[in-house]
Structure formats: structure tokens, C-alpha cells
**Student:** 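Quick one: structure below, then a few questions.
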Amino acid sequence: MSISQIIDGKRVIVKKPELLAPAGNLEKLKVAVHYGADAVFIGGQEYGLRSNADNFTLEEMAEGVQFAKRYGAKIYVTTNIYAHNENIPGLEEYLRGLERVGVHGIIVADPLIIETARRVAPKLEVHLSTQQSLTNWKAVQFWKEEGLERVVLARETSAEEIREIKEKVDIEIETFIHGAMCIAYSGRCVLSNHMTARDSNRGGCCQSCRWDYDLYKLEGDQALALFDETDDPFAMSPKDLNLIQSIPKMIELGIDSLKIEGRMKSIHYVATVVSVYRKVIDAYCADPDNFVIRKEWLDELDKCANRDTAPAFFEGVPGYKEQMFGVHSKKTTYDFVGLVLDYDKQTGIVTLQQRNFFKPGDEVEFFGPEIENFTQVIEKIWDEEGNELDAARHPLQIVRFKVDREVFPYNMMRKGH
């Protein structure tokens, strides 16, 4: 299939990539779909690699699948642990359950789970996890011959390597475009096991690479400090991935699915990142030859970034500037302070669920897929009973106040600091 066609005298992208978003719970799933994700990947309560995410029961998965269907979106489930013997009992029953609730596919690293899924739940698409660290076309060909529909490439794969893979193997390719990077080949780090007895390959990574470390040199029995007390603590974490500038190139390469990382992240993160990439993909596909990255898209991504970002391996092998040494991060410039529940057109009053402290006199910003971002100063705030408040200070408190423009359920309110 060609990537583009000439329609009404201009080039248009006809092979639009899937935008794939993370969701650690049902609320995040609904936000991701509402803000423009074509598909969402989630974890069940077993066999996945984010044991600290809230994760989904089969009943919650069924609800998520039904919600996604209303928007034409798909749900994939991560079953990407490397299984030990103790993980085998219950696997068949679990995979049958995923098929029964209507999950579209599973993301898998272990051949045991692949073979079991093929046998007991044949309606599930099987996508190879990035845990397999695929970086060459011969390995991709192997997994195609094993009957897989899609492979998720290693984060360490460059644009030129992806081009060759797409030319030589007819299989769906999924790549990461945004989110955390692993200091090792994804998931294959044993620092977490060594330091906390939590296994990175079975869902327990404690992100040891983001800790502070003091650097020493051993000379005989002596540990000599290679730092002094005024130095920033040495850290070895990579900067987070951000490929917004590379989306046009990724679309032209014919990559099938563009994946955002972050099942542990907030609904504010999911909403912001999904909405920005949705706009970029749609704008480029509609008119690729006149496409320009808009500064407001880059600024928007910064509003939910709590670490510095870099393009990582896609644009070439990263150097020291793509790593984080010493200073850890830039803090988020905005706090997520409220989720819109309802809006009264007659009175201009919004009903909002509080997610962080705010008060009259604060300047806030509203954003969402149905509206252009706008800012305003909050005047009076009332609770559900109509009592005037000096602040919205209680978590999940329902409050009301006047807004300058129409807003919609699932729109969000944030505040700079």
C-alpha cells in the first residue's frame, strides 16, 4: 500500500499510523480514547510488566473494550513478562478470558505465552513486545514466520534500520514516540533485582537508574571518592523520549503504530500527550507538503514534562547530551487541578472535580479535544450545596464556578506555577 496519493491536486497521506496510548486504569483508558487515541494498551493483574500500575480486572477490561468500541478504538493487553515455571498454571484460563471480553490483541515477549495464545485464544492478535529488543530485519522475518501480526521494535532502532525492516518484511511495525527510556535494552536491566530484589522482567522495576549515586574508585581495599560534597549526585538515567519533530519522517517510513509510553502516568499526562500527537499526525496527513511544526504543540508537551527529553536513537546514536548526569529534571510547569464533569450553557457555570488546590484569583487554563486552549481568572467558587468557598482544597471535591467559554466533560483545567 502506498503511503500517499494525489487527491484534488495535492498530496495526502492515505496510510495514517495508529496512535497508541497507555492506560494504567479505566479512567486513563477513557481519557486516552476521548483525547484521540486509536488504540490503548493496558495491563491485566497478571503477566504484565507494570505491577505498580492499578491494572485491570477482566470485568474492567470488558467495560474498557465496550467504551473504546464506541469510538472505533482497539484495546491491547500487555502479557510481556518472561515467564518462570510458576507462571504457567492459570495462563490458558487468563488468555481465554482476554479473548472472551473482546480484547483486540496481546503484547508478548515469551514464546511460551505466544504458543499458548495461538492454541487457546486464536482470535487474539499477537504483537511481539519491545522486551525482545528487535533491531534487525532477519529477526523480524523470524517472528513473521511464527505467525505474529505485529512487532514492537526496540527503542534502540534508528530510522534507517526501520526503513530496511519495512522494505524487507511485510509486517506491522510499532515504535515508541514518547515517554521514559530504559538505561539498558528495554527491561533487560538487573539493577532493580540486585538492589531491591524486584525483577524488571516480571513487572517490578524500581527505576534504579534514576537514583542518585556517589562515584568511587577501588584501589586495593580503599574506596576513593571521585566527587566532592559540592558535586551534583551522579545519575545514569537517559532523558525521556520525545519524537514530535520526527513524526513526519515516521509516517513517510510507513510505521504502522506510534506508541506513547506511560501506564503509570497521570490522566493529565495522557490527555496532553495524546492530544498533541493527534494534532501533529492529523495535520501532517492532511497536507504533508505544507506541514510545519507549531510552537504551541511543543509548548503543550512541556506542560506535562517532568524530565528533560531527547529524540534518543531514532535520529542516530545518542551521546552524553541525551543522558541525565547530575541534575535530574526540570519540574512540570503546570499542575493538573480539575476535571470537567458538566457545563450549563444558560448560566456559564462549570461543574468540576478538584484534583489539586486552587482558589479565587488564580489564573487557570482549560484544554480538551473539543476546545481551543483558553485561560481565565477564577472568581467565586461554590460547593455542590451552593456555599461559597475560599478555596477548592479537598481531593476530588465537586465545585462550581463561572467560566468564560463553553467547556465539555473530560476537558481539563490546569494552573501554572
Side-chain angles (χ1 to χ4, degrees), residues 1-7 10-22 36-39 127-128 130 133-137 139-140 150-182 185-186 238-262 272-302 305 308-319 321-322:
M1 177 183 176
S2 63
I3 305 295
S4 61
Q5 292 177 4
I6 304 298
I7 298 175
K10 74 171 183 176
R11 192 166 75 94
V12 174
I13 302 294
V14 290
K15 187 190 173 191
K16 192 185 257 195
E18 170 185 272
L19 179 58
L20 177 55
D38 300 305
H127 300 174
L128 192 76
T130 193
S133 302
L134 276 192
T135 52
N136 70 81
W137 71 267
V140 173
R150 179 186 293 184
V151 295
V152 187
L153 296 181
R155 288 171 172 86
E156 296 76 21
T157 318
S158 71
E160 285 311 305
E161 288 169 325
I162 295 171
R163 185 189 308 282
E164 188 170 359
I165 290 167
K166 282 301 287 181
E167 284 171 0
K168 293 189 169 168
V169 190
D170 182 19
I171 191 171
E172 287 188 11
I173 297 291
E174 179 176 307
T175 58
F176 283 91
I177 56 170
H178 202 90
M181 290 288 289
C182 189
Y185 272 91
S186 301
K239 291 180 179 178
D240 283 357
L241 178 65
N242 177 345
L243 283 175
I244 187 168
Q245 305 270 15
S246 303
I247 294 301
K249 190 189 291 189
M250 301 182 100
I251 292 172
E252 296 291 352
L253 282 173
I255 294 169
D256 299 271
S257 183
L258 304 177
K259 185 175 198 169
I260 298 162
E261 183 276 337
T272 303
V273 176
V274 169
S275 64
V276 170
Y277 280 101
R278 177 79 276 153
K279 287 169 185 164
V280 173
I281 292 166
D282 289 350
Y284 186 79
C285 289
D287 190 5
D289 297 335
N290 296 302
F291 174 82
V292 178
I293 283 274
R294 287 157 59 172
K295 183 178 182 296
E296 70 225 47
W297 295 335
L298 306 179
D299 293 344
E300 189 79 1
L301 278 184
D302 276 344
D308 288 332
T309 62
F313 289 83
F314 184 79
E315 300 290 357
V317 177
K321 290 181 179 175
E322 282 74 49

**Student:** Is there a side-chain contact between Ile247 and Ile281 (heavy atoms, below 4.5 Å)?
**Tutor:**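 Yes; the side chains approach each other to less than 4.5 Å.
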**Student:** Are side-chain heavy atoms of Trp137 and Glu167 found at a separation under 4.5 Å?
**Tutor:** no
**Student:** If every non-hydrogen atom of Thr130 is compared with every non-hydrogen atom of Ala154, which pair is closest and at what distance?
**Tutor:**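 Closest heavy-atom pair between Thr130 and Ala154: OG1-CA, 3.5 Å.
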**Student:** Excluding sequence neighbours, so at least two apart, what forms salt bridge (Lys or Arg N to Asp or Glu O under 4.0 Å) with Arg11?
**Tutor:**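 Expected list: Glu252, Asp289.
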**Student:** With sequence neighbours excluded, tell me which residues meet side-chain contact (heavy atoms from CB on, under 4.5 Å) with Lys10.
**Tutor:**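 Partners of Lys10 under the side-chain contact (heavy atoms from CB on, under 4.5 Å) test: Val12, Asp287.
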**Student:** So, using salt bridge (Lys or Arg N to Asp or Glu O under 4.0 Å) as the criterion, who are the partners of Glu315 when residues are at least two apart?
**Tutor:** Lys249
**Student:** Do Glu161 and Glu164 come within less than 4.5 Å of each other through their side chains, counting heavy atoms only?
**Tutor:**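 Side-chain contact under 4.5 Å: no.
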**Student:** Nearest 0.5 Å, please: how far is CD in Glu174 from CG in Leu128?
**Tutor:**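 The CD atom of Glu174 is 10.5 Å from CG of Leu128, to the nearest 0.5 Å.
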**Student:** Does Gln245 have any side-chain hydrogen bond (donor to acceptor under 3.5 Å, both in side chains) partners at least two apart in sequence or in another chain, and if so, which?
**Tutor:** none
**Student:** With Glu18, which residues qualify under side-chain contact (heavy atoms from CB on, under 4.5 Å), at least two apart?
**Tutor:**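 Once residues adjacent in sequence are excluded, the partners of Glu18 under the side-chain contact (heavy atoms from CB on, under 4.5 Å) criterion are Leu20, Asp38, Ala39, Lys74, Tyr76, Arg150, Ser257.
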**Student:** Apply side-chain contact (heavy atoms from CB on, under 4.5 Å) to Thr175 and list each qualifying residue two or more places apart in sequence or on a separate chain.
**Tutor:** Leu153, Ile162, Ile173, Met250, Ile255, Leu258
**Student:** Just by distance, do the side chain of Asn242 and the backbone of Ile244 share a donor-acceptor pair under 3.5 Å?
**Tutor:** yes
**Student:** Holding to salt bridge (Lys or Arg N to Asp or Glu O under 4.0 Å), I want the full list of residues that pass it with Lys279, two or more places apart in sequence or in another chain.
**Tutor:** none
**Student:** Between CD of Glu156 and CZ of Phe314, what distance do you get to the nearest 0.5 Å?
**Tutor:** 14.5 Å
**Student:** Could you work out, with side-chain hydrogen bond (donor to acceptor under 3.5 Å, both in side chains) as the rule, every residue matching Lys16, not counting sequence neighbours?
**Tutor:**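 Result, side-chain hydrogen bond (donor to acceptor under 3.5 Å, both in side chains) vs Lys16: Asp282.
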**Student:** If I compare all heavy atoms of Asp240 with all of Ala180, which pair ends up nearest, and what's the gap?
**Tutor:** OD1-CA, 3.6 Å
**Student:** Return the set of residues passing side-chain contact (heavy atoms from CB on, under 4.5 Å) with Asp299 (not counting sequence neighbours), or none when no residue passes.
**Tutor:**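 Once residues adjacent in sequence are excluded, the partners of Asp299 under the side-chain contact (heavy atoms from CB on, under 4.5 Å) criterion are Lys295.
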**Student:** What pair of heavy atoms forms the shortest contact from Ile260 to Pro22, and how long is it?
**Tutor:**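 Closest approach of Ile260 to Pro22, heavy atoms only: O-CD, 3.4 Å.
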**Student:** Could you tell me which non-hydrogen atom of Ala310 sits nearest to which non-hydrogen atom of Glu322, and how far apart they are?
**Tutor:**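 Minimum heavy-atom separation between Ala310 and Glu322: CB-CG, 3.6 Å.
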**Student:** Do you know the tightest heavy-atom contact between Gly254 and Ile3?
**Tutor:** CA-CD1, 3.4 Å
**Student:** What residues, two or more places apart in sequence or in another chain, satisfy ring pair (Phe, Tyr, Trp, His ring centres under 6.0 Å) together with Tyr284?
**Tutor:** Phe291
**Student:** Which residue pairs satisfy the ring-ring contact (aromatic ring centres under 6.0 Å, His included) criterion with at least one member in residues 153-179, sequence neighbours excluded?
**Tutor:** His178-Tyr277
**Student:** Apply side-chain hydrogen bond (donor to acceptor under 3.5 Å, both in side chains) to Lys166 and list each qualifying residue two or more places apart in sequence or on a separate chain.
**Tutor:**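 Listed in chain order: Asp256.
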**Student:** Distance check, rounded to the nearest 0.5 Å: Lys168 atom NZ versus Asn136 atom CG?
**Tutor:** 10.5 Å
**Student:** Can you name the closest pair of heavy atoms from Leu241 and Ala312 and give their distance?
**Tutor:** CD1-CB, 3.6 Å
**Student:** Please round to the nearest 0.5 Å and tell me the distance separating atom CD1 of Ile13 and atom OG of Ser2.
**Tutor:**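 Output value for this atom pair is 9.5 Å.
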